[in-house]
Amino acid sequence: MGPHVVADDINPRFPPYPESPRLKPLPAPEEILALLRRRPAEGWPLKELLHQFGLGTEGHRALKNLLRDMMREEQVEFTRSRRYRPALRKDELTGSIRVSRKTGAVFLPDNGSEPIELPEHLLSQVRDGDQAAVKLTRGRPRKGKPVTRGISSLRVTARKAVRLVGEYREMGPRRVVVADAPGGARYFNLIGPPEGIPPPRNGDLVQVEIEAPNLPEHSALWIRGFGPAGEYSPESERILAELQAAVEFPAPAAEYAAQLTDGVTASEIARRRDLRDMPLVTVDGETARDFDDAIVCFPEGEHFRLIAAIADVAHYVKDGDPVDREAYDRATSIYLPDRAIPMLPERLSNHLCSLRPGEDKVVMAVEILVDIHGRPQEEQVYEAVMRSHARITYRELAEFYDHGRGSWPPAVQRSLRALGRLTEALRSAREARGSIDLNIPETEVVMENGVVKDIRRADRFVSHRVVEECMLAANEAVARICEREGIAPIYRVHAPPRPEKLEKLGLMLERFGPGLTGMDPEDLQAVIDKVRGQHHEQTVQLLVLRSMMQAVYSAENSGHFGLASEQYLHFTSPIRRYPDLLTHRVVKRWLHRKEKGRADHIRSPEELDALALHCTERERRAMEIERGVKDLCRALLFRDRTGDTFDARIMSVASFGLFVDIAAPWVSGLIPIASLGAEFYEYDEQKQELRGQRSGHVFCIGDQVRVICVSVSVERRQIVFNLADAVDRKYNRLARTQRGETGPEARRGTRSSSPPPGRRPMGGTKRR
């Protein structure tokens, strides 16, 4: 039984809450704080607090309101893991630690501000995933540059379960794991694996835990083995494990999904709008297995009526059930070249919720009436039941638009033609309002039996744009409905670029011809239009993309700069994104309650803030995993191609070298500055160029160069190139010296196609 509260004990800043005679009295704020301080770092979920104070489920709302008041008084804070803990000191900033091979160790503030690099003397205190509180210092402002932030002190508030991936080695009688940790590689004595599991072989990758209970010092407990280092499957598993991405679903989630009933009942059909006779179709890639959206379009005079039917995942996955908890933790699906790591168990994503042809499925439908200029005139969202009339691939739809080829029923073909005309209208409307239209190709990895065979630019058809425009229109329509009706989802927001980034972009664009005349979306789109079809089109589009901020999820609607949209959210992919699932829930709640004249929110503002931040972080993690695996595939493809020469283009310039792209296969790599020649190079950060102090030679973005592959590291997922002509000159000079040749005639030399020796020319850099 929980503690009893008398009136004199209640803090006068908190007025007493009206209580039902059946409810136990609420604890005083001081009692709550005393309990929270027992676990100041980990925090307490609301259910545990209810149990500790003996309130039961009846006191849920009253205790939550009291905690909310304490949050306003800055006595309590609500964490991203949906727990309550004592508020930290006001001079500290809270956040998490992220340690990766590319970025090193950085501090990610909870308030969503820019990451801050950790100084070297703090690296030994932290591990990836730790929660921490830091004190900040601000550097002196420099002309034309933003004020930099640094970390003066750090305090770890919660430790992440420490699991590392390393290489197993047998060193005489010792069995050790060499794993990367902050501060460098460390050696751990391996304990395990348990009986029945084959022991690892020398050179295998293994996952271990280094802070298990009763574990001896400098030891690591076996978790699982991945296989030989340097192969695709073990190395991709390493990336997933290092970034703590779950692959298998826990037993409660898998069991819950397995017991969900298939089919749509007659009573469910009766309460929904019946769209089964409409020629709705799904349009996806050849390898897609989860179909979460279907579309149909009817011309109505000078208007088009678009219906986008989206899988009703919220019908099966309820708030707080085992599948929902796992979906919240993952927040997004992860797509690798050989498989997908889904947000939902396969029974849901590929079966119950997948809009497969000829099957009755429950959906959330967005219906929009659009005029011939692409402007929405009417919009509504409702629950429905549908039956897909065809599963169409992007390539098949492109063939239909280009050559009229298609064997679908006449009603489907009429809808597809209307969709083509609607797409042009929607696109024109977006361009008119200033939306930025970047056409940057995606990477396609070709694999056979787990071996990387090729990396190329993925095919893009007009059919891709048809689906994209319909989904954008549906997302915007739902966002407008939410804004109008007072529904509280989380929005997809995109802030304008920082002025200093646009200033830098303008300087870099000078060498390509088009100038940047302003800072609005239409100004950036004008630059893209001027270079369309030219050889440096992709370079300019990448420069524009790098100048912009990243889109994030937010409880506050601040608009979407890239789309030039006042309201935007994610609604059309609830199978693979948690924000879409949340939007479905709040819209369904509004649909069920709107007759009573009020919207009912299922999340408090604090919970929405925490959820938006969590989903943004999980999206960033998924992007980092997908990039890491693609970099791995590039390294594996080039592992046996050292000494080969290629035509490349400079895509980025740094103080330490040049990043280049090869067109076929589509591979990226680094030319270190030390290989550019025996002189110092001055780095101009604003213009993104390197200039030789003696020769005056300039390397800048967009330049074409001839390169030779000199080294590949699968473990670091890096490819190193040298300039081919610089390598030839260096090799010829060394060869002539070894033969004793001197004089002007010898110095002229001849070109050689032989690979370079181990030594490389010296070089350096100066920052401007």
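Ion pairing of Arg175 with Glu170 is absent here, as no side-chain N (NZ or NE/NH1/NH2) approaches a carboxylate O to less than 4.0 Å. For the pair Arg169 and Asp204, the salt-bridge criterion is not met [side-chain N within less than 4.0 Å of a carboxylate O]. One finds no salt bridge joining Asp290 and Arg576 here, because no Lys/Arg side-chain nitrogen approaches an Asp/Glu carboxylate oxygen to under 4.0 Å. A salt bridge between Glu626 and Arg621 is absent, with no side-chain N of the basic residue lying under 4.0 Å from a carboxylate O of the acidic one. Residues Arg356 and Glu359 are paired through a salt bridge, judged by an N-O separation under 4.0 Å between the basic side chain and the carboxylate.
Here CD1 of Ile708 is found 6.5 Å from OG1 of Thr645. Values are rounded to the nearest 0.5 Å. Atoms CZ and CG, from Arg238 and Leu164 in turn, are 11.0 Å apart once rounded to the nearest 0.5 Å. Considering CD1 of Ile341 and OG1 of Thr332, their distance stands at 11.5 Å, rounded to 0.5 Å. Interatomic distance, CD of Glu255 versus CG of Leu260, reported as 12.5 Å (0.5 Å rounding). Rounding to the nearest 0.5 Å places CZ of Phe107 at 7.5 Å from OG of Ser96. Taking CD of Glu286 as the reference point, atom CZ of Arg395 lies at 5.5 Å (rounded to 0.5 Å).
His403 places no side-chain N or O within donor-acceptor distance of the main-chain N or O of Phe400, the cut-off being under 3.5 Å. No donor-acceptor pair closer than 3.5 Å links the side chain of Asn189 to the backbone N or O of Ser219. When atom types are taken as modelled, the side chain of His389 and the backbone of Val412 share no donor-acceptor pair closer than 3.5 angstrom. Checking side-chain atoms of His494 against main-chain N and O of Val552 turns up no donor-acceptor pair under 3.5 Å. Judged by distance alone, with hydrogens and angles left aside, the side-chain atoms of Asp321 form a donor-acceptor pair with the main-chain N or O of Val323 at under 3.5 Å. A distance-only check finds a donor-acceptor pair linking the side chain of Ser463 to the backbone of Tyr394 [under 3.5 Å]. Although no hydrogens or angles enter the test, the distance criterion places no donor-acceptor pair under 3.5 Å between the side chain of Arg618 and the main chain of Ala331. When atom types are taken as modelled, the side chain of Lys361 and the backbone of Ile310 share no donor-acceptor pair closer than 3.5 angstrom. Looking only at distances, a side-chain donor or acceptor of Arg347 sits under 3.5 Å from a matching main-chain atom of Ala257. Put simply, the side chain of Thr642 never gets that close to the backbone of Cys709: no donor and acceptor are under 3.5 Å apart.
None of Val629, Leu205, Val165 except one satisfies the side chain to side chain contact (heavy atoms under 4.5 Å, CB included) rule with Glu235; the exception is Leu205.
By the 4.5 Å heavy-atom criterion applied to side chains, Thr443 and Arg634 are counted as neighbours. Looking at heavy atoms from C-beta onward, Asp338 lies in side-chain contact with Tyr232 at the 4.5 angstrom threshold. For the pair Met343/Val313, no side-chain contact is recorded, criterion being any heavy-atom separation below 4.5 Å from C-beta on. For the pair Asp284 and Arg391, the minimum side-chain heavy-atom distance is below 4.5 Å. Side-chain contact between Tyr328 and Leu611 is present, with at least one heavy-atom pair separated by less than 4.5 Å. Within the 4.5 Å cutoff, the side chain of Gln550 has no heavy atoms near those of the Thr616 side chain. Side-chain contact check for Gln207 versus Glu242: every heavy-atom pair is 4.5 Å or farther apart. Side-chain contact between Ile392 and Leu416 is present, with at least one heavy-atom pair separated by less than 4.5 Å.
With hydrogens and angles left out, the side-chain atoms of Asp661 and Ser668 include a donor and acceptor closer than 3.5 Å. Residues His351 and Asp262 bring a donor and an acceptor atom of their side chains to less than 3.5 Å of each other.
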* Trace of the side-chain contact (heavy atoms from CB on, under 4.5 Å) decision for Cys633 with Val452 -> CA-CA 6 Å; Cys633 291; Val452 181; 3.9 Å; yes

* To do: Apply side-chain contact (heavy atoms from CB on, under 4.5 Å) to the pair Arg706 and Leu723, showing each step before the final yes or no.
  => CA-CA 6 Å; Arg706 185 76 174 165; Leu723 292 176; over 6 Å; no

* For salt bridge (Lys or Arg N to Asp or Glu O under 4.0 Å), just list the numbers for Glu468 and Arg460, CA-CA rounded to whole Å, side-chain angles, deciding distance to a tenth of an Å, and then say yes or no. => CA-CA 12 Å; Glu468 288 168 3; Arg460 182 169 173 82; 2.8 Å; yes

* Arg649 and Asp703: CA distance, side-chain angles, deciding distance, salt bridge (Lys or Arg N to Asp or Glu O under 4.0 Å) verdict -> CA-CA 6 Å; Arg649 186 181 297 276; Asp703 286 353; over 6 Å; no

* **Stepwise side-chain contact (heavy atoms from CB on, under 4.5 Å) test for Ile662 and Asp647** => CA-CA 6 Å; Ile662 296 169; Asp647 289 320; over 6 Å; no

* To do: Report the C-alpha distance between Cys353 and Asp292 in whole Å, list the side-chain angles of each, state the deciding distance to 0.1 Å, and finish with yes or no for side-chain contact (heavy atoms from CB on, under 4.5 Å).
  => CA-CA 7 Å; Cys353 299; Asp292 53 7; over 6 Å; no

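Taking the centre and axis of the six-membered ring of Trp666, the NZ or CZ atom of Arg456 falls outside the cone set by 45° and 6.0 Å. Cation-pi geometry between Arg330 and Phe249 is satisfied (NZ or CZ under 6.0 Å from the ring centre, within 45° of the ring normal). Figure legend: cation-pi geometry between Arg641 and Phe638, with NZ or CZ positioned under 6.0 Å from the six-membered ring centre and within 45° of its axis.
Residues Leu190 and Pro200 approach most closely at CD2-CG, 4.3 Å, considering heavy atoms. Nearest approach of Ala311 to His584, heavy atoms of both residues: O-CE1, 3.5 Å. The minimum heavy-atom distance linking Ser652 with Arg546 is given by the pair CB-NH1, 3.9 Å. Taking each heavy atom of Ser573 and Asp580 in turn, the nearest pair found is N-OD2, 2.9 Å. Here the closest non-hydrogen pair linking Ala241 and Arg224 is CB-NH2, 4.2 Å. The minimum heavy-atom distance linking Tyr401 with Val462 is given by the pair CD1-CG1, 4.0 Å.
Aromatic ring orientation, His570 versus Tyr553: perpendicular (interplanar angle above 60°, classes split at 30° and 60°). Phe659 and Phe656 have perpendicular rings, their planes meeting at more than 60° on a 0 to 90° scale where under 30° would count as parallel.
Gln704 pairs by the side chain to side chain donor-acceptor pair (under 3.5 Å) definition with nothing, not counting sequence neighbours.
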